[in-house]
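Only heavy atoms go into these numbers, but all of them, side chains included; no hydrogens, no water, no symmetry mates. No experiment lies behind these values; they were computed from the predicted model shown.
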Amino acid sequence: MEELELEQNEQLLEQRRLRRLEQKRRRKMQQRMVLGLLALIVVLALVLIVRGCRAKPTTTPVEPSVPEETADPVSTEPEADSVVQLTAVGDIMIYDDILAGAQKSEGVYDFSDCFSAVAAYTMAADLTVGNLELNFCGAPYAGKPDFRAPEALAGTLRDIGFDVLQTANTYSIQNGMTGLSGTISALDAVGIDHVGTYATQAERDASGGVLVKTVNGVRIAFIAFTKGVNNLTLPEGSEFAVDLLYTDYDSDYSKVAEDAIVQTVENAVATDADIVIAMLHWGSEYDNTLTDTQKKIESLLLENGVDVILGSHSHVVGNLVEKTVERGKDEASCFVAYSLGNFFSSQTQSGTMESILLNLEITKNGKTGQTSITNINYIPLYLLRQEGEDGAAQVQVLPIRSAITSGLFDEQAQAFTDAIADLRANTASDYDSGK
């Protein structure tokens with residue numbers, strides 16, 4: 001299996017390398033053209049200056065002639081499109097059996113084996129995002145209900161390509177404000193951006209609730225909200241700390257925080273983003289039936305400027321839907337993934353071991369400047385949990401088809417095949433990549 005994984009990793013990394021080389025080549029060509037034009041302008045300016053200095057005074061102004069060959073050589077060349085490959089996954093969680101399986105010695109944890117089969121896919125994207133449903137706040141480490149993860153997991157997520165993690169979710173303040181700020185600090189330390197939570201009021205005010213990432217010339221604005229924080233209430237004076245979908249977030253989830261949601265979307269649009277993505281922790285666990293308030297939230301977001309919604313919380317995969325939305329007199333093409341399922345977890349309830357790695361191709365038209373989603377597909381994933389000793393479990397995130405092809409999982413072959421069919425049904429789409 002290691003040889004198969006290595007070969008797949010090398011192939012995907014080579015593809016990524018070649019794509020980046022092509023992008024660099026295009027940028028260099030554009031730069032050379034611009035520099036050439038600037039050099040030509042400088043030469044013409046110098047010629048005119050020299051001519052002006054040498055010319056005899058006259059009462060009739062002499063219009064300098066410009067040779068035909070000085071016409072802008074760039075004007076006839078169309079601008080190249082800018083393309084970003086974005087990969088999104090669902091919930092990243094920690095449980096006691098996962099901790100026991102990853103522990104190598106006292107206080108030392110290694111999670112790399114858990115992601116070795118999927119790492120090439122997360123690394124191949126230009127931008128990889130997910131929902132981090134746990135806290136980094138030091139030992140003692142524990143699974144449910146504390147969800148205190150070793151900081152080594154943050155490093156592993158960085159190593160396998162994660163760029164942005166949603167931190168507004170059920171467990172944002174499970175370990176108090178210390179847990180929230182510790183999580184932000186741990187992500188900052190490894191170079192992963194967070195969205196949806198804030199360590200200080202000043203941080204919230206400065207960002208306006210928006211994280212902007214510019215990738216390959218495309219400006220992407222992220223915002224994130226959660227339905228609640230596990231029925232807890234934000235401490236007085238810390239209301240700024242988590243972006244919330246409901247004003248009654250600690251009880252009934254019936255009163256949508258309309259003003260706060262619209263204001264944050266407006267802040268995102270005001271950054272001159274080419275595309276706005278909302279990451280939402282919403283709905284009910286193990287159930288993808290949309291509530292009336294979810295439908296209201298969806299409309300608020302899409303009609304006010306959000307282009308993509310990436311959902312989490314239910315722990316099972318939901319529908320993937322392309323929508324045409326009216327914005328004033330205009331129409332916008334939007335995309336909604338209601339739930340991406342579990343990316344890393346040891347849950348065993350029905351549907352919680354099946355997940356998707358969603359790939360969105362974002363293209364900014366070089367001529368018009370318009371940005372759109374030009375390709376959508378997903379790779380089916382399976383969370384394989386193998387029992388160990390003393391309550392330990394080895395959990396591996398497996399691309400299903402690669403696992404089947406390897407021939408190493410004959411006992412799970414039927415479960416894998418069933419999972420592919422389940423994901424097609426749950427997504428209600430034809431976006432399966434076949435990989």
Verify the distance criterion only: is there a donor paired with an acceptor across the side chains of Thr226 and Asn169 at less than 3.5 Å? no

Do you see a donor-acceptor pair shorter than 3.5 Å between the side chains of Asp97 and Ser346? yes

Would the distance check show the side chain of Asn231 and the main-chain N or O of Ser251 forming a donor-acceptor pair, the cut-off being under 3.5 Å? no

Would Tyr286 and Gln349 count as having a side-chain donor-acceptor pair, cut-off 3.5 Å? yes

Salt bridge check, Asp248 against Lys227: does any charged N sit closer than 4.0 Å to a carboxylate O? no

Could you give the distance from CG (Leu245) to CZ (Phe225), rounded to the nearest 0.5 Å? 6.5 Å

Indicate yes or no for a side-chain donor-acceptor contact from Glu151 to the backbone of Gly138 under 3.5 Å, with no hydrogens or angles considered. yes

Taking all non-hydrogen atoms of both residues into account, name the closest pair between Leu423 and Pro380 and its distance. CD1-CB, 3.7 Å

Does the side chain of Thr293 pick up a donor-acceptor pair with the side chain of Thr291 at under 3.5 Å? yes

Where the side chain of Asp146 meets the backbone of Arg148, is there a donor-acceptor pair that is under 3.5 Å apart? no

Just by distance, do the side chain of Asn135 and the backbone of Asn175 share a donor-acceptor pair under 3.5 Å? yes

Does Glu285 use its side chain to pair, donor to acceptor, with the backbone of His313 at less than 3.5 Å? no

Roughly how far, to the nearest 0.5 Å, is the OG1 atom of Thr156 from the CG atom of Asp110? 6.0 Å

Considering the options Phe136, Tyr141, Tyr171, which one meets the ring-ring contact (aromatic ring centres under 6.0 Å, His included) requirement together with Phe147? Tyr171

Are side-chain N/O atoms of Gln263 and Asn267 paired as donor and acceptor at under 3.5 Å? yes

Leu86 vs Ile277 side-chain heavy atoms within contact, under 4.5 Å: yes

Is any side-chain heavy atom of Leu211 closer than 4.5 Å to one of Val164? yes

Asp113 backbone acceptor or donor facing Ser116 side chain under 3.5 Å: yes

For Asp259, does the CG atom sit with more than 12 other heavy atoms under 6.0 Å from it, leaving out its own atoms? no

Is the closest basic N to carboxylate O distance between Asp274 and Arg219 below 4.0 Å? no

For the pair His194 and Thr183, evaluate side chain to side chain donor-acceptor pair (under 3.5 Å) and give the outcome as yes or no after the intermediate values. CA-CA 9 Å; His194 70 280; Thr183 302; over 6 Å; no

Measure across Ala224 and Asp243 and return the closest heavy-atom pair with its distance rounded to 0.1 Å. O-CB, 3.2 Å

Side-chain heavy atoms of Ile376 within contact of Leu358, under 4.5 Å: yes

Could you tell me whether a side-chain N or O of Thr128 sits under 3.5 Å from a main-chain N or O of Thr87, the two making a donor and an acceptor? no

Any chance the side chains of Asn342 and Gln347 put a donor and an acceptor closer than 3.5 Å? yes

Would you say the side-chain atoms of Gln174 and Asn230 include a donor-acceptor pair closer than 3.5 Å? yes

Over all heavy atoms of both residues, which pair between Leu340 and Ser355 is shortest? Give the atoms and the distance, please. O-OG, 3.2 Å

When you measure from the centre of the six-membered ring of Tyr198, is the NZ or CZ of Arg204 closer than 6.0 Å and no more than 45° off the axis? yes

Are the side chain of Ser238 and the backbone N or O of Leu234 linked by a donor-acceptor pair below 3.5 Å? no

Looking at Lys213 and Asp193, is any side-chain nitrogen of the basic one under 4.0 Å from a carboxylate oxygen of the acidic one? yes

Could you walk me through whether Tyr431 and Tyr378 satisfy the ring pair (Phe, Tyr, Trp, His ring centres under 6.0 Å) test, starting with their C-alpha distance in whole Å, then the side-chain angles of each, then the deciding distance to 0.1 Å, before giving a yes or no? CA-CA 6 Å; Tyr431 296 128; Tyr378 70 79; 7.5 Å; no

Evaluate the criterion salt bridge (Lys or Arg N to Asp or Glu O under 4.0 Å) for residue pair Arg327 and Asp307; output intermediate values, then yes/no. CA-CA 11 Å; Arg327 293 179 184 164; Asp307 302 293; 3.4 Å; yes

For the residue pair Met177 and Pro235, establish whether any side-chain heavy-atom pair is separated by less than 4.5 Å. yes

Just so I know, are the side chains of Met279 and Val129 near enough to count as touching, which here means a heavy-atom distance under 4.5 Å? yes

Between Phe162, Tyr121, Phe344, which is the residue that forms a ring-ring contact (aromatic ring centres under 6.0 Å, His included) with Phe115? Phe344

For the residue pair Gln85 and Glu361, confirm or rule out a side-chain donor-acceptor distance under 3.5 Å. yes

Atom CG in Leu134, atom CG in Leu153: separation rounded to 0.5 Å? 6.0 Å

Ser314 versus Asn288, side-chain donor and acceptor atoms under 3.5 Å: yes

Looking at Leu320, Ile379, Ile400, which one forms a side chain to side chain contact (heavy atoms under 4.5 Å, CB included) with Ile356? Leu320

So, Gln412 versus Tyr382: side-chain donor-acceptor pair below 3.5 Å or not? no

Checking side-chain contact (heavy atoms from CB on, under 4.5 Å) for the pair Gln394/Cys114: CA distance, chi angles, key distance, verdict? CA-CA 7 Å; Gln394 179 66 42; Cys114 303; 4.0 Å; yes

Side-chain H-bond candidate by donor/acceptor type, Glu298 with Tyr338, under 3.5 Å: yes

In the structure I gave you, are the side-chain heavy atoms of Ile309 and Phe335 within less than 4.5 Å of one another anywhere? no

Side chains of Thr247 and Val256 in contact at under 4.5 Å (non-hydrogen atoms): no

Do His315 and Ser345 meet the criterion of a side-chain donor-acceptor pair at a distance under 3.5 Å? no

Hey, does the side chain of Ser207 reach the backbone of Gly209 with a donor-acceptor pair shorter than 3.5 angstrom? yes

Does some side-chain heavy atom of Arg401 sit less than 4.5 Å from a side-chain heavy atom of Ile420? yes

I'd like to know if the side chain of Asp91 reaches the main chain of Met93, judged simply by a donor and an acceptor atom lying under 3.5 Å from each other, with no hydrogens or angles considered. no

